[in-house]
Amino acid sequence: MDVRKAVIPAAGLGTRQLPTSKAVPKELLPLIDRPLLHYIVEEALDAGLSQMVIVTSQGKDAMANYFDPAPQYEELLERRGETSLATAMRRVREEAEFIFVRQHQQLGLGHAVYTARNAVGDEPFAVMLPDDVIGGGEAPAIGELLDTATAHDASVIAVEQVPPERISSYGVVAPGEADGDAIRVLGMVEKPPAAEAPSDLGIVGRYVLTPELFGAMERVTPGAGGELQLTDGIALLLEEQPVYARRFTGTRYDAGNPMGMLRASVSLALRRSDIGPAFRAWLQDELAQG
Ligand code: UTP
């Protein structure tokens, strides 16, 4: 399967990150030293995707500005010896191509993805949510999904095992037979009460989808929370063609809320070779002081 495009929905209101998201798009909140959007673009590039279709909305123009070339800052960072940050900035500028499409009303994730249909065209594509941060895996999470999508020539959604007390916050998969890493999806339900959840496999914000998803989205009616849910679109797609689920090897953090952002910051900082050792020593001291 030849996938080149990553749709990155970033038009939401970000109410769980209020009050900051009043003035700063939550997708630009910094995780250590760069915004969430930067990480998602790096993950896409690492998996061989080079065209980023970013879904944006009124008041979030800073996201497009962020990706404007700024060689003067790269030079400044290099002069200061901060070469890894300069290299990261240059890589995004040189390797990624950006298309911005606008969602005029926040009608839900499914609607945001549908807004990108003309930019995507008639080809399979990835969907990557910037507030789902996945780190520490053997490979980029979207790359793992692309492997499964190519092996089965079908859509694939990322899932993780979720404890019962949290399952009602997720889209949940009804699993069929497993074939290696790929689990055949028989059905899906958005935010079920724990007792009605068809499994403990919760959907996480990485998908590889065939373009027939757009036709399926046209038949979706507002679901949980009055929104046009991507899960409902994929459930309709399932009636036409096979869809698989796959667990990824990394750990996922929901940076869409302050606690998840804090966890992601600590975990990623501890793993970084440049700041990790000093941060670990500081954290151990801090914890020892109670
Ligand atoms: P979320 O549900 O986490 O985002 O959507 P939200 O609605 O902005 O956040 P809260 O719940 O109010 O805090 C996941 C991703 O989908 C995008 C968001 O920007 C986020 O990146 N999204 C969501 C859209 O682009 N449009 C929408 O209508 C809804």
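Atoms within a ligand are numbered from 1 in the order they appear, just like the ligands themselves. For reference, positions follow the sequence shown, starting with 1.
Classification of Asp254 and Arg16 as a salt-bridged pair holds, one side-chain N sitting under 4.0 Å from a carboxylate O. The pair Glu27-Lys60 meets the salt-bridge criterion, with a side-chain N (NZ, NE, NH1 or NH2) lying under 4.0 Å from an Asp/Glu carboxylate O. Under the 4.0 Å criterion applied to side-chain N and carboxylate O atoms, Asp200 and Arg166 are not assigned as salt-bridge partners. Salt-bridge check for Glu160 with Arg247: failed, with every basic side-chain N at 4.0 Å or more from each acidic carboxylate O. Salt-bridge formation is not detected for the pair Arg206/Asp132: no Lys NZ or Arg NE/NH1/NH2 atom is positioned less than 4.0 Å from an Asp or Glu carboxylate oxygen. Using a 4.0 Å cut-off between charged side-chain N and carboxylate O, Asp122 and Arg117 make no salt bridge.
Separating the CD atom in Gln229 from the CG atom in Leu107 is a distance of 11.5 Å, to the nearest 0.5 Å.
For ligand 1 and Gln103, the ligand atoms under 4.0 Å from any heavy atom of the residue are 24 (C), 25 (O), 26 (N), 27 (C), 28 (O). Distances below 4.0 Å separate heavy atoms of Leu109 from the following atoms of ligand 1: 16 (O), 29 (C). Near Pro130, with a cut-off below 4.0 Å to any heavy atom, the atoms of ligand 1 are 21 (O). Atoms of ligand 1 found under 4.0 Å from any heavy atom of Gln106 (numbered from 1 in listed order, with element): 28 (O). Distances below 4.0 Å separate heavy atoms of Ala112 from the following atoms of ligand 1: 24 (C), 25 (O), 26 (N). With ligand atoms numbered from 1 in the order given, ligand 1 contributes 18 (C), 19 (O), 20 (C), 21 (O) to contacts under 4.0 Å with heavy atoms of Glu27.
Closest to atom 9 (O) of ligand 1 among all protein heavy atoms lies Lys26 NZ, 3.2 Å. The protein atom (non-hydrogen) at minimum distance from atom 8 (O) of ligand 1 is Gly14 N, 2.8 Å. Regarding atom 25 (O) of ligand 1, its nearest protein heavy-atom neighbour is Ala11 N, 2.8 Å. Looking only at protein heavy atoms, the nearest one to atom 13 (O) of ligand 1 is Arg16 N, 2.7 Å.
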Practice problem: Could you please spell out the steps behind the ring pair (Phe, Tyr, Trp, His ring centres under 6.0 Å) verdict for Phe125 and Phe214? | Solution: CA-CA 11 Å; Phe125 61 101; Phe214 295 122; 5.0 Å; yes
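Under the salt bridge (Lys or Arg N to Asp or Glu O under 4.0 Å) test applied with Arg90, the options Glu75, Glu78, Glu95 reduce to a single match, Glu78.
Hydrophobic cluster membership differs between Met52 and Val101, with clusters built from Ile, Leu, Val, Met, Phe, Trp and Tyr side chains linked at under 4.5 angstrom.
Under 4.0 angstrom from ligand 1, the non-hydrogen atoms of Leu13 all belong to its backbone. Counting heavy atoms closer than 4.0 Å to ligand 1, residue Asn257 contributes nothing at all.
Relative to atom 10 (P) of ligand 1, the option among Val127, Thr115, Leu37, Thr15 with the closest non-hydrogen atom is Thr15. The closest non-hydrogen atom to atom 29 (C) of ligand 1, taken over Gly108, Pro9, Ser57, Pro25, comes from Gly108. Across the listed options Ser21, Gly12, Gly110, Gly12 owns the non-hydrogen atom lying nearest to atom 23 (C) of ligand 1.
At least one N or O atom of Asp131, backbone or side chain, sits closer than 3.5 Å to an N or O atom of ligand 1.
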